[in-house]
Amino acid sequence: MNERLMEFLLRDEVTRLSGVKKQVYEFIVNEEDYLASKADTVDQFMRLLVKHSPPRLAARHFNMPYGEIIRFMNEIEDELNERLEERCKKVKWMDFTEKDQQAFVEYHKKLYLFVN
């Protein structure tokens with residue numbers, strides 16, 4: 001399935017998480033994204049992850065034991081994966097790009113995707 005569509009579906013599912021799950025997930029992912037933006041290589045990113053451990057930061061931030069944060073994050077990721085799998089079963093790709101070539105050219109070569 002299209003990577004951009006998967007990212008869209010994941011972001012949508014994250015918005016549907018309950019309060020604490022959403023907060024913990026977004027905290028850790030945002031920390032990981034921040035570290036990724038600071039790294040020039042994969043090896044450097046991995047070293048930053050070990051040094052600045054987003055789960056440890058989350059454990060301190062949410063006043064939870066480290067092991068509990070890890071279990072909770074795994075639970076959240078499992079839930080998101082299940083939801084994504086379910087949505088992917090329902091998604092039907094419909095590419096209308098070539099349906100009307102003239103309209104395609106007129107609308108500046110946009111790709112139209114309809115997601116339900």
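Everything numeric here is computed off the predicted structure, so don't read it as measured data.
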Are the side chains of [X] and [Y] in touch, meaning some heavy atoms are under 4.5 Å apart?
X     : Y     : value
Tyr34 : His52 : no
Met73 : Val29 : yes
Pro55 : Glu31 : no
Glu82 : Glu85 : no
Phe27 : Pro54 : no

Gap separating the [atom1] atom of [X] from the [atom2] atom of [Y], nearest 0.5 angstrom:
X     : Y     : atom1 : atom2 : answer
Thr41 : Leu48 : OG1   : CG    : 9.0 Å
Ile76 : Ser18 : CD1   : OG    : 7.5 Å
Ile28 : Gln23 : CD1   : CD    : 12.0 Å
Ile70 : Met64 : CD1   : CE    : 10.5 Å
Asn81 : Leu10 : CG    : CG    : 8.5 Å
Leu5  : Leu9  : CG    : CG    : 4.5 Å

Practice item. Spell out, yes or no, whether Leu49 and Val42 are grouped together once hydrophobic residues are joined by side-chain heavy atoms under 4.5 Å, including indirect joins. Key: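 Linked within one cluster.
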Point to revise | hydrophobic_cluster_shared for Leu35 and Tyr66, side chain cutoff 4.5 Å | key: no
**Study point:** Contact list for residues 9-19, test salt bridge (charged side-chain N to carboxylate O under 4.0 Å, His left out), sequence neighbours left out
**Key:** Asp12-Arg16, Asp12-Arg87, Glu13-Arg83, Glu13-Arg87
Review point. Run the side chain to side chain contact (heavy atoms under 4.5 Å, CB included) check on Leu17 and Glu79 step by step: do they pass?
Key: CA-CA 9 Å; Leu17 287 171; Glu79 180 179 335; 3.7 Å; yes
Review point. Is the ring centre of Phe72 less than 6.0 Å from the ring centre of Phe62?
Key: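 No.
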